[in-house]
Amino acid sequence: MMRRSDRKKRKQTRLNKWITIFLVLSLVQIGGLYGMDQFLQPSSISASGNNQGNQEPAKTILIPKEATVSAYSPDGKHLAYVQNDGTFVVADEQGIVYSKQAEEIPHFQWLGNTSLLFFAQDNSLRAYLLQVHGAGTETQEPVMIQRWSGKETKVEQVDFSPYLEYLYIMVKRGDDKLLYRYSAGEGLNRIALGSLKLESVTYDDKTDVLTLYMTDGSVYRYEKRRLYDAAGKIVREDPSSEPQSGGKNQYEPNSVGKK
């Protein structure tokens with residue numbers, strides 16, 4: 001009787017052992033699958049460091065009634081807007097940190113949480129980069145990166161890559177559309193198109209590739225300072241030239257440039 005009872009106990013012990021091993025392996029497998037699923041999910045943080053998840057940044061700054069157009073910085077800590085009288089204003093939750101009076105502010109956009117591009121127009125069109133500092137810190141005067149003389153020059157399009165930090169500006173002057181490329185290390189330079197007449201542009205901000213549509217129906221690609229035709233042949237190549245205006249500018253805080 002004792003031997004039979006011992007054998008039953010040994011069988012039950014082995015069975016319990018195998019059940020325990022099976023449960024442990026199952027838990028390990030489930031944990032591994034969950035970790036792989038989390039790894040393969042898209043990140044909620046973009047290349048520029050702004051939260052792209054479902055929850056938007058808290059916006060504690062109210063848009064004033066006199067604002068005709070406005071835009072929050074990506075983190076929601078600053079607000080840029082144009083007043084009825086044409087004054088361009090940048091504010092944080094403690095109040096106004098920068099303002100500028102002009103006949104017209106035709107375009108402005110945030111290039112990051114504290115970097116802002118804006119255009120002012122009166123007898124000329126001027127493009128500025130403004131670095132907004134945190135609360136309690138004095139905001140320096142913006143850096144002018146280009147000035148186009150005369151009232152006939154208008155902003156047509158602005159494209160910016162938050163991944164690569166390149167900036168493209170297209171302006172219309174009379175019947176011509178001019179295209180410029182800005183980088184922090186070189187300033188603003190015009191993209192030479194020769195006798196080609198530009199109609200419109202599309203931009204891939206992840207690869208820094210421009211598709212240029214001409215008035216004659218032809219299509220070109222601008223990539224790495226080279227202009228390619230539809231067959232992939234290089235038709236023009238921009239030299240590494242000196243900046244046209246404004247000197248070197250950075251999108252990062254504590255930049256230095258000429259006003």
Start with the C-alpha gap between Glu186 and Arg225, add the side-chain angles, then the distance that decides, and say whether salt bridge (Lys or Arg N to Asp or Glu O under 4.0 Å) holds. CA-CA 13 Å; Glu186 296 180 356; Arg225 306 189 185 202; 2.3 Å; yes
Run the salt-bridge test on Asp176 and Lys197 with the 4.0 Å N-O cut-off and return the result as yes or no. yes
Restricting to non-hydrogen atoms, name the atom on Gly86 and the atom on Ile105 that form the minimum distance, rounded to 0.1 Å. O-CG1, 3.8 Å
Indicate the atoms forming the closest heavy-atom contact of Lys100 with Ala120, along with that distance. CE-CB, 4.3 Å
Does one hydrophobic cluster hold both Leu79 and Tyr98, with members joined at side-chain heavy-atom distances below 4.5 Å? no
For the residue pair Ala67 and Tyr81, what are the closest heavy atoms and their distance? CB-CD1, 3.8 Å
Do Trp110 and Ile61 sit in the same hydrophobic cluster, where Ile, Leu, Val, Met, Phe, Trp and Tyr count as joined when their side-chain heavy atoms come under 4.5 Å apart? no
Using modelled atom types and a 3.5 Å cut-off, is there a donor and acceptor pairing between side-chain atoms of Asn113 and backbone atoms of Asp75? yes
Hey, quick one: are Leu210 and Tyr163 part of the same hydrophobic cluster, counting side-chain heavy atoms closer than 4.5 Å, chains of contacts allowed? yes
Distance-minimising heavy-atom pair for Met170 and Leu198: SD-CD2, 3.5 Å
Side chain to side chain, Arg181 and Asn189, heavy atoms closer than 4.5 Å: no
Under 3.5 Å, is there a donor-acceptor pair linking the side chains of Arg173 and Thr153? yes
Using a 4.5 Å cut-off on heavy atoms from C-beta on, say whether the side chain of Phe119 contacts that of Val158. yes
Report yes if some heavy atom in the side chain of Leu212 is under 4.5 Å from a heavy atom in the side chain of Arg221; otherwise report no. no
Taking every non-hydrogen atom, the tightest pair across Phe88 and Val82: CD1-CG2, 4.1 Å
Nearest 0.5 Å, please: how far is CE in Met144 from CG in Leu130? 14.5 Å
Is it true that Thr68 and Gln83 share a donor-acceptor pair across their side chains at a distance under 3.5 Å? no
Look at atom CG of Asp85 and say whether more than 12 heavy atoms of other residues, nucleotides or ligands are closer to it than 6.0 Å. yes
side-chain hydrogen bond (donor to acceptor under 3.5 Å, both in side chains) evaluation trace for Thr60 with Glu93: CA-CA 7 Å; Thr60 59; Glu93 58 185 5; 3.2 Å; yes
If Ile, Leu, Val, Met, Phe, Trp and Tyr residues are connected whenever their side-chain heavy atoms lie under 4.5 Å apart, and connections chain through other members, are Val209 and Tyr166 in the same group? no
From Ser115 OG over to Gln109 CD, what is the distance, rounded to the nearest 0.5 angstrom? 12.0 Å
Answer yes or no: is there a donor N or O on one side and an acceptor on the other, between the side chain of Glu104 and the main chain of Asp122, under 3.5 Å? no
Gap separating the OG atom of Ser161 from the NZ atom of Lys206, nearest 0.5 angstrom: 8.5 Å
Rounded distance [0.5 Å steps], CG in Asp238 versus CG in Leu227: 8.0 Å
Kindly assign one of parallel, tilted or perpendicular to the pair Trp148 and Tyr180, based on the angle between their ring planes and the thresholds 30° and 60°. perpendicular
Does any part of the side chain of Leu196, heavy atoms only, come nearer than 4.5 Å to the side chain of Tyr220, both counted from C-beta? yes
To the nearest 0.5 Å, what is the distance between CZ on Arg126 and CD1 on Ile145? 13.0 Å
How close do Arg236 and Gly194 get, counting heavy atoms only, and between which atoms? NH1-CA, 3.7 Å
Is the closest side-chain donor-acceptor distance between Gln101 and Thr87 under 3.5 Å? yes
Are any non-hydrogen side-chain atoms of Leu164 and Thr207 less than 4.5 angstrom apart? no
From Asp159 atom CG to Leu167 atom CG, the distance as rounded to the nearest 0.5 Å: 8.5 Å
Kindly say whether Val201 contributes a backbone atom to a donor-acceptor pair with the side chain of Gln157 at under 3.5 angstrom? yes
Could you walk me through whether Tyr228 and Glu223 pass side chain to side chain contact (heavy atoms under 4.5 Å, CB included), step by step? CA-CA 8 Å; Tyr228 298 85; Glu223 182 178 2; 4.3 Å; yes
Check whether any side-chain heavy atom of Val90 sits under 4.5 Å from a side-chain heavy atom of Ile96, and report yes or no. no
Salt bridge Glu156-Lys177, side-chain N to carboxylate O under 4.0 Å: yes
Exercise: do Ser149 and Arg147 side chains pair donor with acceptor under 3.5 Å: no
Val89 reachable from Leu111 in the ILVMFWY side-chain graph, under 4.5 Å edges: no
Glu165-Ser183 side chain donor-acceptor pair, cut-off 3.5 Å: no
Quick one: are Leu117 and Phe160 in side-chain contact, heavy atoms under 4.5 Å? no
Does the pair Leu129 and Phe118 meet the rule for a side chain to side chain contact (heavy atoms under 4.5 Å, CB included), with working shown? CA-CA 7 Å; Leu129 283 175; Phe118 72 93; over 6 Å; no
Under a 3.5 Å threshold, yes or no: a donor from one side chain and an acceptor from the other, between Tyr168 and Asp208? yes
With side chains defined as the heavy atoms from C-beta onward, is the minimum distance between Gln121 and Lys154 less than 4.5 Å? yes
